[in-house]
2 protein chains.
Amino acid sequence: MRRELFDIPEGVVYLDGNSLGAPPKHVAERMQEVIRHQWGTRLIRSWSEGWWEAPQRIGDRIGRLIGAAEGQVVVGDSTSVNVFKALMGAVKGTGRTEIVCDESTFPTDGYIAQSVATLAGLKIRAAHPSSLDLTDETAVVLINHVDYRTGALNDMKALTEQAHDAGAQVVWDLCHSAGVLPIELDALGVDYAVGCTYKFLNGGPGSPAFIYVPKHKQAGFENPLSGWNGHREPFAMEPSYEPDPGIVRARVGTPDILSMLALDAALDVWDDVDLAELRQRGLALTASFREHVEKLTGLEVITPEVRGNQISVRCPDAKAVMDELIARGVIGDHRPPDVLRFGFAPLYVTDDDVIRAAEVLAEVISGFTR
Amino acid sequence: MRRELFDIPEGVVYLDGNSLGAPPKHVAERMQEVIRHQWGTRLIRSWSEGWWEAPQRIGDRIGRLIGAAEGQVVVGDSTSVNVFKALMGAVKGTGRTEIVCDESTFPTDGYIAQSVATLAGLKIRAAHPSSLDLTDETAVVLINHVDYRTGALNDMKALTEQAHDAGAQVVWDLCHSAGVLPIELDALGVDYAVGCTYKFLNGGPGSPAFIYVPKHKQAGFENPLSGWNGHREPFAMEPSYEPDPGIVRARVGTPDILSMLALDAALDVWDDVDLAELRQRGLALTASFREHVEKLTGLEVITPEVRGNQISVRCPDAKAVMDELIARGVIGDHRPPDVLRFGFAPLYVTDDDVIRAAEVLAEVISGFTR
């Protein structure tokens with residue numbers, strides 16, 4: 001849709017934007033300005049010339065992409081840290097005894113959920129999104145919107161309703177869905193959401209994650225990581241912690257400004273993207289690739305019809321196959337033991353990329369099965 | 001000592017390196033390489049070409065500056081998050097009931113300590129480092145090596161011994177001492193230490209913080225933020241958390257690579273710095289500035305003789321005075337209600353800077369007291 005805005009090397013078919021998005025061309029230059037002018041010339045003064053509020057301002061930019069009105073998203077820390085904040089906030093004071101975690105979750109969510117359960121004295125139970133079996137003991141459910149391994153898209157509306165019907169809250173992990181399709185956090189009454197910004201949002205390696213806490217839950221949200229950036233008056237240097245009344249209370253320590261402003265620059269390419277159109281384009285790319293792959297023998301597409309922007313393929317020798325694909329200029333990745341992942345970022349993946357990737361995959365597979 | 005390596009605007013006397021260090025000149029260019037080549041050309045492959053191990057590698061570079069042998073320092077997250085990890089790790093399993101926190105601490109440490117006390121079911125007590133009154137109920141003491149407000153330097157050796165004599169552990173916050181003087185964490189048997197990298201280490205605005213966990217404590221250290229980066233085999237994507245046996249267990253989520261590699265570049269200026277020599281230079285600069293300021297009426301130097309690299313001055317109208325100083329090119333900062341802070345980073349502050357700052361301060365003060 002706007003390939004010309006991205007820096008992708010000649011001869012490379014880049015299908016790993018679901019792991020690390022490609023750089024928008026203007027980011028490098030913007031970072032020169034940030035380092036030489038904002039840091040170098042303005043020095044400490046830049047903190048009061050835009051840096052301090054950057055986590056909220058950039059949070060609002062992401063909010064537009066996930067159906068969150070202003071003042072409900074803040075950027076900072078890693079996804080893992082934000083899962084911790086959201087879950088600790090969600091279980092606080094519920095009197096319930098159980099956290100339910102998507103059994104196919106990206107591992108870090110499960111690891112953090114286990115830690116939260118231990119700290120808060122709850123049990124943890126893994127369940128598939130299709131059979132959550134929520135009870136009146138379930139405090140919160142943690143679900144990935146798109147499964148990192150298979151690309152399966154979970155039904156946010158139905159599962160949020162299911163949680164609420166059981167009197168539970170839901171935390172959605174949007175790592176693999178932000179920048180993929182229209183998301184309606186406010187409209188669906190989601191309790192908390194977190195996500196990363198370095199996949200389809202192209203924020204740069206390890207760019208800061210985000211957390212969404214809707215207005216009506218902010219006053220009750222207790223951030224267990226009560227760092228000074230979330231204080232009502234951070235520069236008053238008061239000895240006791242008084243959280244900001246709004247989303248700022250989800251901030252913790254001093255944010256990584258260079259990574260954050262690279263993300264800010266990267267978000268420019270999203271300014272007038274129509275998410276419904278983007279979604280159609282993503283579906284078309286993945287449908288086309290699926291059609292090609294299904295003609296090949298020895299491979300099994302494990303991505304269901306209701307999906308994000310990736311096609312995952314079960315394949316013997318997955319690691320060796322992927323190494324060979326990469327050597328031939330088709331970059332995806334593999335997940336143990338036997339899954340090849342191909343991500344299709346509609347902003348820069350072209351129809352020609354799909355054809356070329358399918359051709360190279362066919363060549364490589366025939367070499368392995370010969 | 002090496003002013004020529006730094007980008008500082010003409011006509012500016014920069015005395016706020018204790019808040020945000022100035023940029024080493026080569027950082028901007030290095031970041032071009034990181035963004036255009038590592039991110040742009042190598043794309044996802046860069047994760048296995050140096051990015052993944054960067055937190056440990058850069059941690060070791062900082063280790064050299066704080067007396068920590070290899071494999072005991074890791075970079076990532078904010079200072080606040082690292083205080084959380086260190087305190088939660090320290091109180092775990094002690095059976096003791098109290099956290100003692102430096103009463104003059106930078107606020108975020110106290111806020112986080114309060115949260116840890118609540119989560120772990122301990123009491124918190126504020127005390128001055130000169131009268132900690134540790135008992136057999138004290139699990140851990142959290143102390144700032146250099147006081148952010150006054151510049152007072154606490155005695156790491158004596159206070160660590162005092163904690164250990166009481167059977168307690170100690171967490172040192174090195175934010176205002178790393179890059180100021182030789183620190184001997186290993187030799188003094190410190191239990192945990194944390195610090196930021198954007199002050200005297202010049203890592204860039206909000207550059208990632210570090211945590212030190214000595215070898216002999218690593219096996220027992222439970223990171224409450226059990227993110228996938230701390231897993232023994234992160235790419236095995238196992239459902240249960242098995243921490244890395246070493247310092248890697250102090251990692252959490254995917255690190256902010258751009259901020260981290262800017263820090264990495266910035267650390268080059270430290271490669272052959274003799275910390276004892278640096279310390280002498282810092283003492284000379286601050287002594288000289290103190291001598292000038294003590295001649296002025298209406299001001300009171302509140303920095304004690306045993307100090308870090310700053311001189312703090314009590315002054316009526318502190319905010320207005322600092323605004324005027326900055327307008328005249330002398331950049332320090334103020335802390336409410338009435339403290340002016342002047343930081344002297346020996347790597348780039350010159351003798352001429354000291355004289356100029358003292359002259360301008362005299363002019364400005366005479367304007368306010370006239």
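Everything quoted here is computed from the prediction, not taken from an experiment.
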Between [options], which has the largest tally of heavy atom pairs under 4.5 Å with chain B?
| options | answer |
| --- | --- |
| A/Trp228, A/Trp39, A/Phe84 | A/Trp39 |
| A/Arg335, A/Gln114, A/Lys25 | A/Arg335 |
| A/Val27, A/Leu261, A/Ile44 | A/Ile44 |
| A/Gly121, A/Pro224, A/Cys196, A/Ser19 | A/Pro224 |

Checklist entry - Based on non-hydrogen pairs under 4.5 Å, which of B/Ile112, B/Asp16, B/Leu43, B/Asp333 is most in contact with chain A? => result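 With the most close heavy-atom pairs to chain A, the winner is B/Leu43.
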
Contacting region of [X] [heavy-atom separation from chain B under 4.5 Å]:
| X | answer |
| --- | --- |
| A/Tyr148 | side chain |
| A/Ala22 | both |
| A/Pro208 | both |
| A/Arg149 | neither |
| A/Met237 | both |
| A/Leu225 | both |
| A/Arg45 | side chain |
| A/Asp77 | side chain |
| A/Ser226 | both |
| A/Ser240 | backbone |

Next on the checklist: A quick test of your reading: do over 12 heavy atoms of other residues, nucleotides or ligands sit less than 6.0 Å from NZ of B/Lys319?
Outcome noted: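 No.
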
Checklist entry - What do you reckon, is CD of A/Glu29 surrounded by more than 12 foreign heavy atoms closer than 6.0 Å? => result no

Checklist entry - For A/Gly206, does its backbone N or O pair with a side-chain atom of B/Thr254 as donor and acceptor, under 3.5 Å? => result no

Quick check on [X] against chain A: is it the side chain, the backbone, both or neither that has a heavy atom closer than 4.5 Å?
| X | value |
| --- | --- |
| B/Glu238 | both |
| B/Ala28 | both |
| B/Met88 | side chain |
| B/Phe106 | side chain |

Next on the checklist: Can you give me the closest heavy-atom contact between A/Gly40 and B/Pro9, atom names plus distance?
Outcome noted: O-CD, 3.5 Å

Next on the checklist: For A/Pro336 versus B/Ala236, what's the shortest heavy-atom pair and its separation?
Outcome noted: CG-O, 4.0 Å

Checklist entry - B/Tyr111 vs A/His231 aromatic rings, parallel, tilted or perpendicular, using cut-offs 30° and 60°? => result parallel

